[in-house]
Amino acid sequence: MSGERLFISLVCPECGAELKGGAPARVFLCMACAKAFVMDRFPESMRLIVLKPTIAPQAKIFHVPFFKIDGRFRFSAPDEHKVRAWSNMNPLRVIYYPAFPNLRNLYSEDLTFRYAMGLDGVETDDERKDISFVDGTRAPGNFDTIARLVWLAHLDRVADVTGAEAEFTVSGVDYCLVPFERAEDGLKELMLGLTLKGFAELAPNE
Ligand SMILES: [Zn+2]
C-alpha cells in the first residue's frame with residue numbers, strides 16, 4: 001500500500017458533470033441537473049432546491065442542507081381533551097430536517113419547528129451558480145419516522161402524547177439548501193433572521 005488516498009471522481013449519471021461534495025459528504029450534488037445523490041443509494045437521487053434569502057446578507061452567503069419532508073400527519077387518541085388541544089394548534093407545514101452534522105441538537109430541532117411554521121411561500125434560486133455549501137453528512141432513510149417524531153414533539157407542547165396513535169405518510173423529500181451567513185456570535189440564517197449561537201463547526205466545503 002502506498003498510503004496515498006484513492007480519489008474516485010463521482011459523475012452525474014444524467015449529464016456527466018462532476019458531482020460536488022467534500023470529503024465527509026454522503027450526499028453529492030449536480031448543480032446542472034438540480035439533483036442530490038445519496039451515496040448509499042447511488043444512482044437514486046432527490047430534487048435539489050436552493051432557497052433565495054428573504055433577509056439581506058451582510059456577509060458571504062453559504063448554504064446549509066436540510067431534507068425537506070412533505071407529507072400528511074394523522075393522529076388520534078382515546079382522550080378527547082387531548083385531541084381538541086392538538087386540533088387547536090398551528091399545524092406544522094413542511095418539515096426541514098438537518099442533513100448536516102447535528103452537533104447541537106437543541107438548536108437544530110428548534111430550527112425544524114421554526115421552519116415548519118414560518119417557511120411558507122419561499123422563493124427558490126434556480127440559477128444555483130457559484131454557491132458554496134456545507135456537506136450533507138446524514139442519509140436517513142426513515143423520513144416517515146423522523147416526521148412523525150417531530151409532529152409528536154410539537155403536539156406534546158400542549159398535551160402529553162402518551163396514548164396517541166400517530167402516522168406520517170411521506171409524499172416527497174427534496175434536498176434543500178438554506179442560505180446562512182457568519183455572524184459575530186454564531187451563524188445567522190437568512191430566511192427568518194434567526195441567529196444560532198455557536199455552531200462554528202458548520203462551514204462550507206471549500
Ligand atoms: Zn447532472
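Residues take their numbers from the sequence shown, with the count starting at 1.
A distance of 11.0 Å separates CD of Glu167 from OG1 of Thr145, quoted to the nearest 0.5 Å. Note that the CG atom of Leu152 and the CZ atom of Arg148 stand 6.5 Å from one another [nearest 0.5 Å]. To the nearest 0.5 angstrom, Thr54 atom OG1 is 8.0 Å from Leu119 atom CG. A distance of 5.5 Å separates CG of Leu111 from CG of Leu196, quoted to the nearest 0.5 Å. Note that SG of Cys176 is 11.0 Å distant from CE of Met46, once rounded to the nearest 0.5 Å. Distance check, rounded to the nearest 0.5 Å: CE of Met39 to CZ of Phe28 gives 5.5 Å.
Figure legend: Arg157 and Phe113 shown as a cation-pi pair, the cationic atom lying under 6.0 angstrom from the six-membered ring centre and within 45 degrees of its axis.
Note on residues 32-58: pairs passing ring-ring contact (aromatic ring centres under 6.0 Å, His included), not counting sequence neighbours, are Phe37-Phe42. Pairs of residues two or more places apart, or lying in two chains, that qualify as salt bridge (Lys or Arg N to Asp or Glu O under 4.0 Å) and include a residue from residues 19-28 are Arg26-Asp40. The list of side-chain hydrogen bond (donor to acceptor under 3.5 Å, both in side chains) pairs with a residue in residues 178-187, not counting sequence neighbours, is empty. For residues 41-53, the pairs satisfying side-chain hydrogen bond (donor to acceptor under 3.5 Å, both in side chains) are Arg47-Asp174, with sequence neighbours left out. Residue pairs meeting the salt bridge (Lys or Arg N to Asp or Glu O under 4.0 Å) criterion with at least one member in residues 86-95, sequence neighbours excluded, are Arg93-Asp120.
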CA sep, side-chain torsions, deciding dist, call: Trp151, His154, side-chain contact (heavy atoms from CB on, under 4.5 Å): CA-CA 5 Å; Trp151 259 98; His154 178 59; 4.2 Å; yes
side-chain contact (heavy atoms from CB on, under 4.5 Å) between Asp125 and Leu51, worked out: CA-CA 6 Å; Asp125 174 3; Leu51 298 189; over 6 Å; no
side-chain contact (heavy atoms from CB on, under 4.5 Å) evaluation trace for Val94 with Ile69: CA-CA 6 Å; Val94 178; Ile69 309 169; 5.7 Å; no
Trace of the side-chain contact (heavy atoms from CB on, under 4.5 Å) decision for Asp144 with Thr169: CA-CA 6 Å; Asp144 46 0; Thr169 313; over 6 Å; no
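The closest side-chain heavy-atom distance from Leu177 to Val134 is not below 4.5 Å. Using a 4.5 Å cut-off on side-chain heavy atoms (C-beta onward), Pro65 and Tyr175 make contact. When side chains are defined from C-beta on, Phe62 counts as touching Ser132, because their heavy atoms get closer than 4.5 Å. Between Phe73 and Ile95 the shortest side-chain heavy-atom distance does not fall below 4.5 Å. Inter-residue side-chain proximity for Leu187 and Leu202 is flagged as met; some heavy-atom pair is nearer than 4.5 Å. Inter-residue side-chain proximity for Glu189 and Ile55 is flagged as unmet; no heavy-atom pair is nearer than 4.5 Å. The shortest side-chain heavy-atom distance between Arg72 and Arg74 falls under the 4.5 Å cut-off. At a threshold of 4.5 Å between non-hydrogen side-chain atoms, the residues Phe75 and Glu165 do not count as touching.
By the criterion of side-chain heavy atoms lying less than 4.5 angstrom apart, applied directly or through intervening Ile, Leu, Val, Met, Phe, Trp or Tyr residues, Ile61 is not grouped with Ile131; the two fall into different hydrophobic clusters.
Tyr115 pairs in a ring-ring contact (aromatic ring centres under 6.0 Å, His included) with only one of the listed residues (Phe67, Tyr96, Tyr97), which is Tyr96.
Heavy-atom neighbours of Arg128 CZ from other residues, nucleotides or ligands within 6.0 Å: above the threshold of 12.
Among all heavy-atom pairs drawn from Gly118 and Leu192, the shortest one is O-CD2, 3.9 Å.
Residues forming a side-chain contact (heavy atoms from CB on, under 4.5 Å) with Glu14 (at least two apart in sequence, or on another chain): Cys12, Cys33, Lys35.
Inspection of the Asp135 and Thr137 side chains reveals no N or O donor paired with an N or O acceptor under 3.5 Å.
For an aromatic pair to be called close, the ring centres must be under 6.0 Å apart, and Phe66 with Phe100 satisfies this.
In this structure, His63 contributes its side chain and Pro204 its backbone to no donor-acceptor pair below 3.5 Å.
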